[in-house]
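Throughout, protein chains are lettered first and strands after them, A, B, ... in sequence-line order, and every chain is numbered starting at 1. Since this is a predicted model, take the numbers as computed values, not measurements.
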Amino acid sequence: MACADFKLEIKHVDKKTGARYGVLHTPHGDVETPMFMPVGTLATVKTLSPEEIKSIGSGVILANTYHLHIRPGEDIVAKAGGVHKFMKYDGPMLTDSGGFQVFSLSEKRKISEEGVTFKNHLNGDKIFFSPEKVIEIEEKIGADIAMSFDECIPYPASYEYTKNSTLRTLRWAKRGLDAHKREDQALFGIVQGGNYPDLRKMAAEELTKMNFDGYAIGGTSIGEPKDVCFNMIDMAIKYLPEDKPRYLMGVGSLDYILEGIAKGIDMMDCVLPTRIARHGTLMTHAGRVNIKNEKYKEDFTPLDPECDCYTCKNFTKAYLRHLYVCGEQFGARLLSIHNLRFLISIVEGAREAIKEDRFEEYKNEILQKYGDSRGF
RNA sequence: GGGAGGGUAGCGAAGAGGCUAAACGCGGUUGACUGUAAAUCAAUUCCUUCGGGUUCGGCAGUUCGAAUCUGCCCCCUCCCA
């Protein structure tokens, strides 16, 4: 059953690249696309308050089904009135299904047709996730968007493995769709298929037939070369419906984000900006900055003079370095605010450029100024 | 004045004749991080022109070989007077 309050309204398509500008209507408000979505796995974007998340201009934020199932448990979240009330965040939210954990906790799991048996990464308890179980958990958590349970296939993987896994993920998608009952929650399908054009095509076409509220491209940004990732987008996106949102999973560096948008992606998420911020690495208009470097010890200039974030408007590199070096949590928070605001402002600029059919120029200008092929 | 224990790299601390330029921790420096097992992880940290050079409080010894054994000296801590 399609979610009634959920719809992507495409407002403009960039004439040269095909990049899309739109408005995504969700039960928790309207947000503009394309957008970068901060990740808040455990119902918190690490170190940030809901007010801070809002103030950086975020549209949708993520939480994670597997992690919230383990702690505190979906029933607690449901008793709190759902994840929005639980974490006091009233903007749109999305729950990832735990499919990524099938990949990242691969030593601790066993996959069968029925589902995946995990070993709880905290205490070793056995956990069983089926597509139906995941939907049940996601409905209890109550985000605006739920993701189908999938297997995030490692790269590289053989054709045979990829085909079997992709077909199983398609069967899981159908089972999840049949199990999904909440009408105030959208459900997305996830295109797998590895680096094989026919499998990506098949996955995209089969999912489209099932009529999800949106479609994600998965199995990306897990260590594959950049051109492979871009190819995986191309192989899938042309078979996805124009009028539904397209979500590129796990992408968070500047070049991938801009390239994804150019290819017609509407949504992206990544832990990268928040994680590397906590580890002292910042994305700025002038490229990558490692705030712990000794050269910033007496640098009393802002981290990024072109940035409008709270951190850049109020603090110096010397102070940020000091906080980082001393392990002060306020430092992690200021740096997280900056990296998220930086990426989100870049995407805001992308939306403006799309409206004016100059996305290509915008993308090139940003990347040239950034000057780092790795993109962060 | 008497007694006991110590002095090892920036700091703390192992080592008690060759495998030791010297474990380990901290601190320092550098790097990685992409649907968060990540406030984590990795590398490096006496000097060097990469051949080597100079080290374990100081000096003098013993030994083929000493941070490690001996003597003297200097300094520190604690206890008793």
Trainee: Applying a 4.0 Å non-hydrogen cut-off, can you work out what G331(A) is touching in the nucleic acid: base, sugar-phosphate, or nothing?
Mentor: nothing
Trainee: Which part of the nucleic acid, if any, lies within contact of T220(A), taking any heavy atom under 4.0 Å across all strands shown: a base, the sugar-phosphate backbone alone, or nothing?
Mentor: nothing
Trainee: State whether R288(A) places a side-chain N or O below 4.0 Å from either non-bridging phosphate oxygen (OP1 or OP2) of A32(B).
Mentor: yes
Trainee: Quantified in whole Å, what is the C1' atom distance between nucleotide U49(B) and nucleotide U8(B)?
Mentor: 30 Å
Trainee: Check whether any side-chain nitrogen or oxygen of Q101(A) sits under 4.0 Å from OP1 or OP2 of A37(B), and answer yes or no.
Mentor: yes
Trainee: Answer yes or no: is there an ion pair linking R333(A) with E52(A), defined by an N-O contact shorter than 4.0 Å?
Mentor: yes
Trainee: Could you pick out which residue, R275(A) or S97(A), lies toward the 5' side of RNA chain B when each is mapped onto its nearest nucleotide?
Mentor: S97(A)
Trainee: Going by salt bridge (Lys or Arg N to Asp or Glu O under 4.0 Å), name the residues that satisfy it together with E132(A), two or more places apart in sequence or in a different chain.
Mentor: R175(A)
Trainee: Assign D150(A) to base, sugar-phosphate, or nothing according to its heavy-atom contacts below 4.0 angstrom with the strands shown.
Mentor: base
Trainee: Quick one: list whatever passes salt bridge (Lys or Arg N to Asp or Glu O under 4.0 Å) with D269(A), sequence neighbours left out.
Mentor: none
Trainee: I need the CG-C1' distance between L272(A) and A32(B), as an integer number of Å.
Mentor: 11 Å
Trainee: Starting from Y155(A) and following side-chain heavy-atom contacts under 4.5 Å between hydrophobic residues (I, L, V, M, F, W, Y), which residues can be reached?
Mentor: F100(A), F103(A), I222(A), V228(A), M232(A), M235(A)
Trainee: Going by the rule ring-ring contact (aromatic ring centres under 6.0 Å, His included), which residues pair with Y161(A) if we only count those two or more places apart in sequence or in a different chain?
Mentor: none
Trainee: Can you tell me how far C1' in G61(B) sits from the matching atom in G17(B), rounded to whole Å?
Mentor: 15 Å
Trainee: Hey, does the Lys NZ or Arg CZ of K201(A) hover above the aromatic six-ring of Y239(A), less than 6.0 Å from the centre and inside 45° of the axis?
Mentor: yes
Trainee: If we take the P atom in both G12(B) and U77(B), what is their distance in whole Å?
Mentor: 14 Å
Trainee: From the set U36(B), C33(B), U34(B), return the single nucleotide nearest to any side-chain atom of T281(A).
Mentor: C33(B)
Trainee: Answer syn or anti for G71(B), where the cut-off is 90° from 0 on the glycosidic torsion.
Mentor: anti
Trainee: Taking the same atom, P, in U63(B) and in G10(B), what whole-Å distance lies between them?
Mentor: 33 Å
Trainee: Would you kindly give the CG-to-P distance between L335(A) and U40(B), to the nearest whole Å?
Mentor: 15 Å
Trainee: Quickly work out the K295(A) NZ to G31(B) P distance and round it to whole Å.
Mentor: 7 Å
Trainee: Please report, rounded to the nearest Å, how far the C1' atom of G35(B) is from the CE atom of M93(A).
Mentor: 14 Å
Trainee: Tell me whether the ring of H279(A) lies stacked over the U40(B) base, given a 5.5 Å limit on centroids and a 30° limit on the plane angle.
Mentor: yes
Trainee: Rounded to whole angstrom, note down the P distance from U40(B) over to A4(B).
Mentor: 48 Å
Trainee: For a quick check, tell me whether the side chain of T274(A) and the base of U36(B) share a donor-acceptor pair closer than 3.5 Å.
Mentor: yes
Trainee: Among side-chain atoms of D198(A) and Y159(A), is any donor-acceptor pair under 3.5 angstrom?
Mentor: yes
Trainee: Name the pairing partner of G10(B), where a pair is Watson-Crick or G-U wobble with both distances under 3.5 Å, or state none.
Mentor: C26(B)
Trainee: In this structure, how many angstroms lie between the C1' atom of U36(B) and the CG atom of L122(A), rounded?
Mentor: 13 Å
Trainee: Who does U68(B) pair with, Watson-Crick or G-U, both distances under 3.5 Å?
Mentor: none
Trainee: Among the nucleotides U34(B), U40(B), A39(B), which one has an atom lying closest to any side-chain atom of Y324(A)?
Mentor: U40(B)
Trainee: Classify I190(A) by what it touches in the nucleic acid, base, sugar-phosphate, or nothing, heavy-atom distance under 4.0 Å.
Mentor: base
Trainee: Counting side-chain heavy atoms from CB outward, which of C33(B), U36(B), G35(B) is closest to L62(A)?
Mentor: G35(B)
Trainee: If you compare all heavy atoms of H180(A) against all heavy atoms of I135(A), which two are closest, and at what distance to 0.1 Å?
Mentor: CA-CG2, 3.5 Å
Trainee: Rounded to whole angstroms, how far apart are CE on M283(A) and P on C33(B)?
Mentor: 10 Å
Trainee: Using a side-chain heavy atom cutoff under 4.5 Å and only I, L, V, M, F, W and Y, what cluster partners does M35(A) have?
Mentor: F6(A), L8(A), I10(A), V13(A), L24(A), V31(A), M37(A), V39(A), V60(A), L62(A), L94(A), I145(A), M147(A), F188(A), I190(A), Y247(A), M249(A), M267(A), V271(A)
Trainee: What is the base-pairing partner of C19(B), counting Watson-Crick and G-U wobble geometry with both distances under 3.5 Å?
Mentor: none
Trainee: Mind checking the C1' distance from A81(B) to A14(B)? Whole angstroms is fine.
Mentor: 37 Å
Trainee: Cation-pi between K355(A) and Y21(A): NZ/CZ under 6.0 Å from ring centre and within 45° of the ring axis?
Mentor: yes
Trainee: Looking at every strand, decide which applies to D269(A) at a 4.0 Å heavy-atom threshold: base, sugar-phosphate, or nothing.
Mentor: sugar-phosphate
Trainee: With both distances kept under 3.5 Å, what pairs with G1(B), Watson-Crick or G-U wobble?
Mentor: C80(B)
Trainee: Expressed as a whole number of angstroms, how long is the span from F100(A):CZ to U36(B):P?
Mentor: 6 Å
Trainee: Is E328(A) touching bases, backbone alone, or none of the nucleic acid, heavy atoms closer than 4.0 Å?
Mentor: nothing
Trainee: Check this for me: does any side-chain nitrogen of one of K85(A) and D90(A) sit under 4.0 Å from a carboxylate oxygen of the other?
Mentor: no
Trainee: Using the P atom as the point on both nucleotides, what is the distance between C11(B) and A23(B), in whole Å?
Mentor: 15 Å
Trainee: What does the list of N/O pairs under 3.5 Å between the protein and nucleotides 24-29 of chain B look like, with a distance for each?
Mentor:
unit_1 : atom_1 : unit_2  : atom_2 : d
U29(B) : OP1    : R321(A) : NH2    : 2.5

Trainee: Can you tell me the distance, in whole Å, between the OH atom of Y215(A) and the C1' atom of G35(B)?
Mentor: 19 Å
Trainee: Please measure how far the P atom in A9(B) lies from the corresponding atom in G5(B), and state the result in whole Å.
Mentor: 23 Å
Trainee: Could you check whether E107(A) gets within reach of a base, just the sugar-phosphate, or nothing at all, counting any heavy atom under 4.0 Å?
Mentor: base
Trainee: Tell me which nucleotide, if any, is Watson-Crick or G-U wobble paired with C41(B) when both distances must be under 3.5 Å.
Mentor: G31(B)
Trainee: At less than 4.0 Å, is any side-chain N or O atom of S221(A) found next to OP1 or OP2 of U34(B)? Yes or no.
Mentor: no
